[in-house]
Amino acid sequence: MPTERIRIALQKSGRMADDSLALLKACGLHIAKSREQLLCRIKELPIDLLLVRDDDIPRFVSSGICDLGIVGENVFAEEQCAPQPLSARIVERLGFSRCRLSIAVPEGGTIASIDALNQKTIATTYPALLQRFAKDNNISVTILEMTGSVEVAPRLKIADAICDIVASGATLAANNLSEMTTVLSSEALLIRSTATLSATKEAIVTRLLSRLRGVINADDSKYIMLHAPQEHLSDIIALLPGSESPTILPLQGIKDKVAVHAVCRESVFWETMESLKAAGASSILVLPIEKMMG
Ligand code: PRT
Ligand code: ZN
């Protein structure tokens, strides 16, 4: 009997495609991929990748065509906000493709508050999320549903405001629009179907998730090494951001100093290094961590 394999839905091309593949690669899934292929087989593990449009990913997962999917929170939340939500749930927040769904209004216009949006027309590709926002804010809006180029709607006088994805803000600025409020903060998500998987498939998912969490945690963590005078050791350890008990090692031929090694689970900023130096630390090294487990 052939071994059961799990199938993961990923964006084929677009803003999330490269980062989604890079994350899986960091988990040891090597993809001999030609972008034209719809289905890619992973050699090392019983996993196949289905490369599709991002909009189709939640449905592929909820219907069981795929067991997992990587999709933007904006796309997933819009589906879950619709009258008939899908049978899929979030397994892990992946930290890339960060953006926000925001309401933007013409610069220098008359709409300066959420209340002022009442009875106005708002163009969007996210009608369900916009409707929920209006309800939560006790306003009534006319939703003009568009499939793209939402930012041109106010200039065309077909809408008073827009509700669209913003990342750097450059698109809004180029269209003389200013961001008024955030409807949803978004990042890439790993989602799965709410249906029960076979024990074999569940074991593959568990193994992949453990690797994935290892990569995500490692991304936020740094390995820090420094020399510390014995007399200031406790002050220096207290300055290490988000570290568990550090390793203290003797230094050959030096009695009053030790080497301190620690995994810091938060970013190590220049300010932290300056404070460590001011507290007496020397030879401070901050190294990236590729993978973590346990
Ligand atoms: O072809 P397919 O349907 O798969 O892709 P798509 O064209 O629908 O989506 P794509 O590739 O543009 O984006 C995929 C996902 O990336 C989105 O669903 C978001 O989760 C996330 N993401 C991150 C963004 C952006 N940043 C982004 N800047 N999605 C869209 N934009 C667009 C936005 O619509 C607006 O037009 O970029 C413009 C705003 O960008 P700034 O930097 O000018 O503010
Ligand atoms: Zn899309």
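Just follow the structure's listing: the first ligand is 1, and inside any ligand the first atom is 1. Nothing here was measured: the structure is a model prediction, and the numbers come from that model. Every heavy atom of this structure was used, including side-chain atoms; hydrogens, water molecules and symmetry mates were not.
- By the neighbour-count criterion of 12 heavy atoms within 6.0 Å, atom CD of Glu290 is sparsely surrounded, having that number or fewer from other residues, nucleotides or ligands.
- Scanning the protein for heavy atoms near atom 36 (O) of ligand 1, the closest one is Asp164 OD2, 4.1 Å.
- Other residues, nucleotides and ligands contribute over 12 non-hydrogen atoms within 6.0 Å of the CZ atom of Arg211.
- Using a 3.5 Å distance cut-off with no hydrogens or angles, the side chains of Glu151 and Thr171 do not pair a donor with an acceptor.
- Counting heavy atoms from C-beta outward, Leu49 and Leu21 have side chains that approach closer than 4.5 Å.
- If you look at Ile165 next to ligand 1, the close heavy atoms, those under 4.0 Å, come from the backbone and the side chain alike.
- Under the 3.5 Å distance criterion, the side-chain polar atoms of Ser275 are matched with a main-chain donor or acceptor of Glu271.
- Annotation: ring-ring contact (aromatic ring centres under 6.0 Å, His included) contacts of His261 (sequence neighbours excluded): Tyr223.
- A donor-acceptor pair is defined here as one N or O able to donate and one able to accept, closer than 3.5 Å; no such pair exists between the side chain of Asp54 and the backbone of Val71.
- At least one N or O atom of Asp54, backbone or side chain, sits closer than 3.5 Å to an N or O atom of ligand 1.
- Cluster membership for Leu251 and Leu249, using ILVMFWY side-chain heavy atoms within less than 4.5 angstrom, is not shared.
- Within the listing of ligand 1, atoms 18 (O) sit less than 4.0 angstrom from a heavy atom of Val75.
- Annotation: protein N, O or S atoms under 2.8 Å of the Zn ion (ligand 2) (waters excluded) comprise Asp54 OD1, Asp55 OD1.
- Note: an N/O pair closer than 3.5 Å links Asp55 and ligand 1 by distance alone.
- Counting atoms of ligand 1 from 1 in the listed order, those under 4.0 Å from a heavy atom of Ser168 are 41 (P), 42 (O), 43 (O), 44 (O).
- Listed by atom number, the atoms of ligand 1 under 4.0 Å from Gly169 heavy atoms are 41 (P), 42 (O), 44 (O).
- The closest protein non-hydrogen atom to atom 13 (O) of ligand 1 is Arg15 CB, 3.6 Å.
- A distance-only check finds no donor-acceptor pair linking the side chain of Glu187 to the backbone of Glu73 [under 3.5 Å].
- In the vicinity of Asn74, heavy-atom distances shorter than 4.0 Å reach the ligand 1 atoms 17 (C), 18 (O), 19 (C), 20 (O).
- At distances below 3.5 Å, not a single donor-acceptor pair connects side-chain atoms of Ser186 with backbone N or O atoms of Gly72.
- Only side-chain heavy atoms of Gln11 come within less than 4.0 Å of ligand 1; its backbone N, CA, C and O stay farther off.
- Looking only at distances, a side-chain donor or acceptor of Glu78 sits under 3.5 Å from a matching main-chain atom of Ala128.
- When distances from atom 7 (O) of ligand 1 to the protein are checked, no heavy atom turns up under 4.0 Å.
- Considering both main-chain and side-chain atoms, Val166 never comes within under 3.5 Å of ligand 1 through any nitrogen or oxygen pair.
- Between the side chain of Arg5 and the main chain of Ile47, a donor-acceptor pair closer than 3.5 Å is present.
- Those atoms of ligand 1 with a heavy atom of Met16 less than 4.0 angstrom away are 14 (C), 15 (C), 16 (O).
- For ligand 1, the polar-atom distance check against Gly72 finds no nitrogen or oxygen pair separated by under 3.5 Å.
- Considering only non-hydrogen protein atoms, atom 1 (O) of ligand 1 sits nearest to Arg53 NE, 3.5 Å.
- Here the side chains of Arg192 and Arg89 are in contact, with some heavy-atom distance below 4.5 Å.
- Within the 3.5 Å criterion, the main-chain N or O of Ala82 finds no donor-acceptor partner in the side chain of Gln131.
- Each of the atoms 11 (O) of ligand 1 lies under 4.0 Å from some heavy atom of Gly14.
- Distance alone, capped at 3.5 Å, places no donor-acceptor pair between the Asn176 side chain and the Pro106 backbone.
- Taking a cut-off of under 4.0 Å to the non-hydrogen atoms of Cys99, the atoms of ligand 1 that pass are 19 (C), 20 (O), 21 (C), 22 (N), 23 (C), 26 (N).
- Using a 4.0 Å cut-off to heavy atoms of Thr171, the atoms of ligand 1 that qualify are 38 (C), 39 (C), 40 (O), 41 (P), 43 (O).
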